[in-house]
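Just below is one structure, and these are the notes that go with it.
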Amino acid sequence: MLLGTGLVGGIMNNNGRLTASLEMAAMGAGDMFDICSSCARHENVDFPGHNHAMLYDIALIHGAVHRYLLDLGVDVKFFSRVKSLKKEGNRIKQVADEKGGIFEADVFIDATGTAGPMSNCSKYGNGCAMCILRCPSFGGRISLAGLAGAKEKTGRNSNGAVGAMSGSCKLHIQSLSAEIQEKLAVSGMARVPAPKVLSAGKLSAKACQQYALDEYKENLILLDTGHAKMMTPYMELESLRSVPGMENARYEDPYAGGVGNSMRYFDMAPRDDSLKVEGIDNLYCCGEKAGLLVGHTEAICTGALAGFNAAMSAFGKNPLVLPEELAVGFAIHAVREAMETPEGMGKKFTFSGSVLFEAMVERQLYSVNPEEIDKRVRKAGLFDAMAGIKGLA
Ligand SMILES: Cc1cc2nc3c(=O)[nH]c(=O)nc-3n(C[C@H](O)[C@H](O)[C@H](O)COP(=O)(O)OP(=O)(O)OC[C@H]3O[C@@H](n4cnc5c(N)ncnc54)[C@H](O)[C@@H]3O)c2cc1C
């Protein structure tokens, strides 16, 4: 399937993510955000530490994105795990998948993420938790930048551990009490009081540092994305079932959510602010591959820029570097700089909270006013700037 970990996510537009999506729309790169909105189950949801969230329906999002790509004429190859490449000097000439398919191109983009493979989940986590990436069935992640010889970096958690554990799991909604189900259906959110001892030690392992708040220790926070998304990395099934209303709780993702969760933030690519991978002349990167960036919004923003710049470079044009006067440009720059220090490598960056959102607020970059953001993008000379790619050919 397309979308990787986006298949089990759903939270968009919370806090500064709305700012980033409005900036991208003003630059002419808002299609993916429109698609996510078209799959919304709930809009304008507030939950602890987060405002104006949109929750997309995890059952609808894959079809919507796939149809969009087909309409654009994109040739999507499923069952195609890239496992080797050929280079000429510093340029990748072609990549090959496990089935012998060969793909030549002028320029490539590494969007392989940072999760797993199983050996990492075993070594640094609690073992394979049977997450959405389905490594046992389809094979684990293989990094294109790594194959090309880039010197990759691995993140550390705030407690010093290597990598970070994914921070949410999903429950089968019908396995929860009628009262919880109703709260989820009506408001998109349910706050279920639970003894602190149940989440003890688990929240510090989380990839998403924006959830390090007391409310997440004293309650199980559930969000309706089609599953009941529980904002805790994992919890022993019997402990979970001791919480009133959750006596029959059953995991949907990861299937072994009573044991652990996927491990992420391995093998990030060194890159510049145009998202070109250092040392390889025709390779761009995006999403988690482009740094300690957490989130769908973050993956969409960097994905759009990497795609745009890959096309620019294929047509012999200079790549676009977004200025720091834009929240998206600031994030891409700040994450690269932070990753040059050991302290920075212990952090995670998202428009939705923690250090990056705090810096956005401080720099007065956080806004949810579309007109203000339009003006900001026009002032930077980038209004509709990423919509013009078709003209290049
Ligand atoms: C459980 C969970 C819940 C989350 N919930 C949210 C949320 O609600 N909101 C939010 O904003 N963010 C959420 N996130 C974070 C968000 O999903 C990610 O940060 C973002 O989507 C990363 O996207 P990516 O494309 O960089 O990587 P990934 O999502 O990891 O996708 C990489 C893809 O590349 C494939 N791949 C790897 N190697 C190869 C190869 N060699 N050949 C071909 N394919 C390959 C993988 O199988 C995978 O499909 C969640 C993450 C997890 C794990």
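Just follow the structure's listing: the first ligand is 1, and inside any ligand the first atom is 1.
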Subject >> Between Ser274 and Asp272: side-chain donor-acceptor atoms closer than 3.5 Å >> reply: yes

Subject >> Atoms in ligand 1 with a heavy atom of Gly287 nearer than 4.0 Å >> reply: 26 (O)

Original post:
Between Cys286 and ligand 1, is there a nitrogen or oxygen pair with a distance under 3.5 Å?
Top reply: no

Subject >> Where ligand 1 meets Arg81 - atom numbers and elements under 4.0 angstrom, heavy-atom basis >> reply: 42 (N), 43 (C)

**OP:** Given side chain to side chain donor-acceptor pair (under 3.5 Å), test His52 with Asp46 step by step and report yes or no.
**Re:** CA-CA 6 Å; His52 47 73; Asp46 292 342; over 6 Å; no

**OP:** Check Leu176 against Leu171 and note the closest heavy-atom contact, atom names and distance.
**Re:** CD2-CD1, 4.2 Å

Subject >> Nearest option to atom 8 (O) of ligand 1, as decided by whichever heavy atom of Ile11, Thr302, Thr297 sits closest >> reply: Ile11

Original post:
How does Met12 reach ligand 1, if at all, at less than 4.0 Å between non-hydrogen atoms: by side chain, backbone, both, or neither?
Top reply: neither

Subject >> Contacting atoms of ligand 1, where contact means under 4.0 angstrom from a heavy atom of Ser166 >> reply: 53 (C)

**OP:** Using only heavy-atom distances, determine whether the side chains of Asn15 and Tyr366 contain a donor-acceptor pair under 3.5 Å.
**Re:** no

**OP:** Could you label the plane-to-plane angle of the Phe78 and His66 rings as parallel, tilted or perpendicular, counting under 30° as parallel and over 60° as perpendicular?
**Re:** perpendicular

**OP:** Check ligand 1 against Gly9 and write out every atom of the ligand that is under 4.0 Å from a heavy-atom position of the residue.
**Re:** 4 (C), 5 (N), 6 (C), 7 (C), 8 (O)

Original post:
Do Ser143 and Lys289 have side-chain N/O donor and acceptor atoms under 3.5 Å apart?
Top reply: yes

Subject >> Inter-residue atom distance Ser175.OG - Met246.CE, 0.5 Å rounding >> reply: 7.5 Å

**OP:** Please state which part of Ser143 comes within less than 4.0 Å of ligand 1, counting heavy atoms only: side chain, backbone, both or neither.
**Re:** neither

Original post:
Looking at Leu222 and Leu184, what are the two nearest heavy atoms and their distance?
Top reply: O-CD2, 3.6 Å

Original post:
Heavy atom of Ser80 under 4.0 Å from ligand 1?
Top reply: yes

**OP:** Given side chain to side chain donor-acceptor pair (under 3.5 Å), test Thr114 with Arg141 step by step and report yes or no.
**Re:** CA-CA 8 Å; Thr114 64; Arg141 174 179 58 84; over 6 Å; no

Original post:
Of all the atoms in ligand 1, which lie at a distance below 4.0 Å from a heavy atom belonging to Val8?
Top reply: 1 (C), 3 (C)

Original post:
Nearest non-hydrogen atom to atom 5 (N) of ligand 1 belongs to which of Lys289, Lys229, Lys83?
Top reply: Lys229

Original post:
Are a donor atom and an acceptor atom from the side chains of Thr350 and Arg17 found within less than 3.5 Å of each other?
Top reply: yes

Original post:
Does Val82 reach ligand 1 with a nitrogen or oxygen that is under 3.5 Å from one of the ligand's nitrogen or oxygen atoms?
Top reply: yes

Subject >> Shortest reach to atom 19 (O) of ligand 1 by a heavy atom, considering only Glu288, Lys170, Met231, Glu298 >> reply: Glu288

**OP:** Check each of Thr112, Val294, Leu7, Asn261 against atom 34 (O) of ligand 1 and report the one with the nearest heavy atom.
**Re:** Thr112

Subject >> Ile142 N/O under 3.5 Å from ligand 1 N/O >> reply: yes

Original post:
Hey, looking at atom 52 (C) of ligand 1, which of Arg264, Met268, His296 has the closest heavy atom?
Top reply: Arg264

**OP:** Check the pair Phe33 / Met54 against side-chain contact (heavy atoms from CB on, under 4.5 Å), numbers first and verdict last.
**Re:** CA-CA 11 Å; Phe33 294 106; Met54 182 274 281; over 6 Å; no

Original post:
Does any N/O atom on Gly10 come nearer than 3.5 Å to any N/O atom on ligand 1?
Top reply: yes

Original post:
In ligand 1, which numbered atoms sit nearer than 4.0 Å to a non-hydrogen atom of Gly4?
Top reply: 29 (O), 31 (O), 48 (C), 49 (O)

